[in-house]
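What follows is a single structure, written as structure tokens, with notes after it.
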Amino acid sequence: EPGIPYTLIVYVDALEAPWGGGEMVKLPFTGVMPDTPTNLPLVRARAMYFLDTNPLAAKVYGTLTITSAASEQNLTHYHLYYGSFGRIWPEGSEPFAIIPATGAYDYSVLVNAQLLPGANTFLVFCKN
């Protein structure tokens, strides 16, 4: 994400045997804006938490909490979707919740739903 400090840890070793005599190098850097302008958000929510308290299969109930992006400067909303293995499910569906980005650290929404067959996760996308 732009403006966020990172440390890239790289292990450098010999190209051919014997291996194991390499060294670890830490390369600090700060995320930068891409060279090409884009209208897509360049940030993402930092975390998402959900505890299902409904004991019935394929039914979920609980509070879904997302931790805001490091910066909400270029986004307006968080869109929440049902997902299957990291993809929106069913494909092309609308978000089940849209949360305005207001500068809060955490955002929460109550989820009380019968899941569609194949849905096994929640997904959050930043929108602008």
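All figures in this text were calculated on a predicted structure; none of them were measured in a lab.
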field: Rounded distance (nearest 0.5 Å) linking atom CD of Glu72 with atom SG of Cys126
entry: 8.0 Å
- prompt: Out of curiosity, Ile9 CD1 to Met24 CE, how far, rounded to the nearest 0.5 Å?
  reply: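 Nearest 0.5 Å value for the CD1-CE distance: 7.0 Å.
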Flag the pair [X] / [Y] as yes when at least one side-chain heavy-atom distance between them is below 4.5 Å, and no otherwise.
X     : Y      : answer
Leu64 : Tyr49  : no
Tyr78 : Pro100 : no
Asn74 : Val43  : no
Ile66 : Leu80  : yes
Pro28 : Tyr6   : no

query: Any donor-acceptor pair under 3.5 Å linking the side chain of Asn54 with the backbone of Tyr61?
result: no
- prompt: Can you check whether Lys59's main-chain N or O pairs, donor with acceptor, with Gln114's side chain at less than 3.5 Å?
  reply: no
Show the nearest heavy-atom pair for residues [X] and [Y], with the distance to one decimal.
X     : Y      : answer
Arg46 : Ala70  : NE-N, 3.8 Å
Leu75 : Ala101 : CD1-CB, 3.4 Å
Tyr81 : Glu94  : CE2-C, 3.7 Å
Ala45 : Val124 : CB-CG1, 3.9 Å
Ala97 : Val109 : CB-CG2, 4.2 Å

Do you reckon [X] sits in the same ILVMFWY cluster as [Y], going by side-chain contacts under 4.5 Å, direct or chained?
X      : Y      : result
Ile88  : Phe122 : no
Leu115 : Met48  : yes
Phe125 : Ile99  : no
Leu123 : Phe50  : no
Tyr107 : Phe96  : yes

message: Distance alone, cut at 3.5 Å: any donor-acceptor contact between the side chains of Asp106 and Thr67?
response: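 Note: Asp106 and Thr67 side chains meet the donor-acceptor criterion.
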message: Testing the 3.5 Å rule here: is there a donor-acceptor pair between the side chains of Thr63 and Ser108?
response: no
field: Residue pairs, two or more places apart or on separate chains, that pass side chain to side chain donor-acceptor pair (under 3.5 Å) and touch residues 82-91
entry: none
